[in-house]
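Input: a single structure, listed below in structure tokens.
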Amino acid sequence: MNTENSPPANRGLLEVERLYLNMGPQHPSTHGVLRIGLVIEGERIVDAEPDVGYLHRSIEKIAEKRTYLQFIPLTDRLDYVAAMSNNFAYVLAVESLLEIEVPRRAQYIRVIMAELQRIASHLVWMGAFTNDLGAATPLLYGFREREDILDLYEMTCGARLTYNYYRFGGVSRDIPTGFVPGAKKFISGFWKKVDEYEELLTENEIFLKRTKGVGVLSREDAISYAVSGPMLRASGVKWDLRKDRPYSVYPEFAFDVPTGETGDCWDRYKVRIEEMRQSRRILEQALDGIPEGEILPPKLPRTIRPKKGEAYGSVEAPRGELGFYVVSDGGTNPVRLKIRPPCFVNLGSLAAMVHNCLIADLVAILGSIDIVLGEVDR
Amino acid sequence: MSMLEILRSKFGEGVEELADFVGHKTFLVPPRIVREVSSFLRNEQVFGFDYLTCLSGIDRGKEEPRFEVSYLLSSLTRREMIQLKVRVNDGEAVPSVCDIWRTADWHEREAFDLLGIVFSGHPNLKRILLPEGWTGHPLRKDYVVAEADKEPWEREESARESNEHGK
């Protein structure tokens, strides 16, 4: 990045010097390791260049060395705030190569898990984002409710963070007896909780000032940068893979896709809050309609060898479109596995959002992207 | 007219349809026209592939040409997806499409970093995930993993192999 491309603007009486400033690698608002090179004039940001790549764990290379099944637990570790969604996208990709049918009961369980995960992830986001802006209370609220979801996960698969729960053709084990009543109890109370968050934040003068008109991403830019999830919808594009490229049993449920208008931090906040309500709607329908039956197809070989070919499996993860592109040569492990992480792609649009904003706004903008660095540089 | 016929009538017989992809149509195009095909697919109203979902580099090992770049394109208005593919040899450049879809910027840098595929016309083609001074491109099939970074069973395997060569 060149700091001397154009002369700095002369702001009134003061000469403004153009400076290069590093934010990070470990800034409290980056939630992981990320360095951002900033070109600033006083408090104003002229340009920002994220340097990802502090964490690179070569997950894609490891995938080539393991069998298809052995890779499922590694997907958990990509986006550790939404591990279920990662499981989901990966098994979808391999299933389409294997051409197997997933029993309906397993389909329902998958959707329930994925939607609970969306709520849990958005809760962490809400807490972290408001924490970046200086509020501590919503973080505690968010983690309090997320705890209930983690309890449900723990009783189902024994883990609270890395679940390793989905399998090709279904899920690893059935939901336990107390799961459905427990989940119903959670979502019936959750309705009021979301209203509480809104009461705390939506009418809050400081919160409004920090988010409205900050970090605007236009509709055209959002599409060109291929951002996805709440970021894309906040910019006014009604695009949700659950509706627009439907997978699993999502077409059976009624829910709305919230969108924003200006694409600023405020819209991204509103979209996520509304998404939590919509997830709750899906959960209500799914928990009532969960069919009896098997959770795995009969007769699945222990070592799978998908046919030669390629497939792309994607889900609407909490942060956006998460895809796995799998190339198979007919052997026991993939020849190439490329992950399309929403965070990596969304972060690519940072420079388009920060121009002429204040350094303090950058913290808000970064928070509104909702990045998980484990997924950014894999 | 099928999509293949449209592409062929516009860009010649070099365009091929590949069959091994599950779910979407896949077209193989020669590298020299990838930019023309891309902007055609993006700007032409009937296609409107305005969203570059994913760009991946693939090392095909011993096959010729060695590298492949896959572009997964989505149309947000028509809710459709297709794939474009380009094949190049080692050292041969692929024209960059990052002014057509700006998201390609980071994806191309990643393919360059991990596979060493060069994208001509990219404004900032440098490593993105690995440190700047890194030697080699780890996703290449012939990349030699440092002995210390190997899994125990791989170390045993390579030790056995070198013993056999010694005899």
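Labels below follow one simple rule: chain letters A, B, ... track the order of the sequence lines, proteins then strands, and each chain is numbered from 1.
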Notebook entry, point to check: To the nearest 0.5 Å, what is the distance between CG (B:Asp20) and NZ (A:Lys307)?
Noted result: 9.0 Å

Next item on the list: With a 4.5 angstrom heavy-atom cut-off, could you sort out which part of A:Leu55 is near chain B: side chain, backbone, both or neither?
Entry: neither

Next item on the list: Counting only heavy atoms closer than 4.5 Å, note whether A:Ser328 contacts chain B via side chain, backbone, both or neither.
Entry: neither

Next item on the list: Answer with side chain, backbone, both or neither: which region of A:Lys238 has an atom nearer than 4.5 Å to a non-hydrogen atom of chain B?
Entry: neither

Next item on the list: May I ask you to name which of B:Leu72, B:Leu52, B:Asp105, B:Thr26 has the most heavy-atom pairs under 4.5 Å with chain A?
Entry: B:Leu72

Note to self: If I measure from the heavy atoms of chain B, does A:Tyr225 come under 4.5 Å with its side chain, its backbone, both, or neither?
What the structure shows: both

Check: Is there a donor-acceptor contact under 3.5 Å from the side chain of B:Tyr51 to the main chain of A:Ala226?
Finding: yes

Checklist line | A:Glu310 and B:Lys85 ion-paired at < 4.0 Å | finding: yes

Check: For the atom pair OH (A:Tyr312) and NE2 (B:His24), what is the distance rounded to the nearest 0.5 Å?
Finding: 8.0 Å

Notebook entry, point to check: Around A:Glu261, counting heavy atoms of other residues, nucleotides and ligands shown, do more than 12 lie under 6.0 Å from its CD?
Noted result: no

Notebook entry, point to check: What part of A:Glu321 is in contact with chain B, defined as an atom under 4.5 angstrom from a non-hydrogen atom: side chain, backbone, both or neither?
Noted result: side chain

Next item on the list: Quick one: do A:Arg336 and B:Glu68 satisfy salt bridge (Lys or Arg N to Asp or Glu O under 4.0 Å)? Show the steps, please.
Entry: CA-CA 11 Å; A:Arg336 172 79 167 102; B:Glu68 187 171 86; over 6 Å; no

Checklist line | Heavy-atom contact with chain A under 4.5 Å, split by part of B:Asp113 | finding: neither

Checklist line | Heavy-atom neighbours of B:Glu44 CD exceed 12 at 6.0 Å | finding: yes

Check: Is chain A contacted by the side chain of B:Arg140, its backbone, both, or neither, given a heavy-atom distance below 4.5 Å?
Finding: backbone

Item checked: chain B contact via A:Val227 - which portion, at a heavy-atom distance below 4.5 Å -> backbone

Next item on the list: Answer with side chain, backbone, both or neither: which region of B:Glu80 has an atom nearer than 4.5 Å to a non-hydrogen atom of chain A?
Entry: neither

Note to self: Looking at every heavy atom in both B:Ser74 and A:Arg245, which two are closest together, and how far apart are they?
What the structure shows: OG-NH2, 3.1 Å

Margin query: If you compare all heavy atoms of A:Arg378 against all heavy atoms of B:Leu129, which two are closest, and at what distance to 0.1 Å?
Written below: NH2-CD1, 4.4 Å

Next item on the list: Give me the ring orientation class for B:Trp106 and A:Phe344: parallel if the planes are under 30° apart, tilted from 30 to 60°, perpendicular past 60°.
Entry: tilted

Next item on the list: Using non-hydrogen atoms and a 4.5 Å limit, figure out which bit of A:Val327 sits close to chain B: side chain, backbone, both or neither.
Entry: side chain

Checklist line | Working for side chain to side chain contact (heavy atoms under 4.5 Å, CB included), residues B:Leu114 and A:His56 | finding: CA-CA 11 Å; B:Leu114 301 179; A:His56 189 55; 3.9 Å; yes

Next item on the list: Rounded to the nearest 0.5 Å, what's the gap from CD on B:Glu132 to CG on A:Asp51? Could you check?
Entry: 8.0 Å

Notebook entry, point to check: What option among B:Cys98, B:Cys54, B:Ala104 has the most heavy-atom pairs under 4.5 Å with chain A?
Noted result: B:Cys54

Check: What part of A:Ser58 lies closer than 4.5 angstrom to a heavy atom of chain B: side chain, backbone, both or neither?
Finding: neither

Check: Hey, are the side chains of A:Lys61 and B:Tyr143 touching, using non-hydrogen atoms and a 4.5 Å cut-off?
Finding: yes

Next item on the list: Decide yes or no on side chain to side chain contact (heavy atoms under 4.5 Å, CB included) for A:Glu99 and B:Val22, but give the supporting numbers first.
Entry: CA-CA 10 Å; A:Glu99 293 172 323; B:Val22 182; over 6 Å; no

Checklist line | Other residues, nucleotides, ligands: >12 heavy atoms within 6.0 Å of B:Lys141 NZ | finding: yes

Next item on the list: Determine, step by step, whether B:Ile58 and A:Tyr325 satisfy the side chain to side chain contact (heavy atoms under 4.5 Å, CB included) criterion, reporting the C-alpha distance in whole Å, the side-chain angles of both residues, the deciding distance to 0.1 Å, and the verdict.
Entry: CA-CA 11 Å; B:Ile58 299 151; A:Tyr325 173 79; 3.5 Å; yes

Note to self: Taking the side chain as everything from C-beta on, heavy atoms only, tell me whether B:His107 gets closer than 4.5 Å to A:Val345.
What the structure shows: yes

Check: A:Leu337 versus chain B, heavy atoms under 4.5 Å apart: side chain, backbone, both or neither?
Finding: neither

Margin query: If I take atom CG from residue A:Asp377 and atom CG from residue B:Leu130, how far apart are they, to the nearest 0.5 angstrom?
Written below: 9.5 Å

Item checked: B:Arg102 side-chain N/O to A:Asp221 backbone N/O, donor-acceptor pair under 3.5 Å -> no

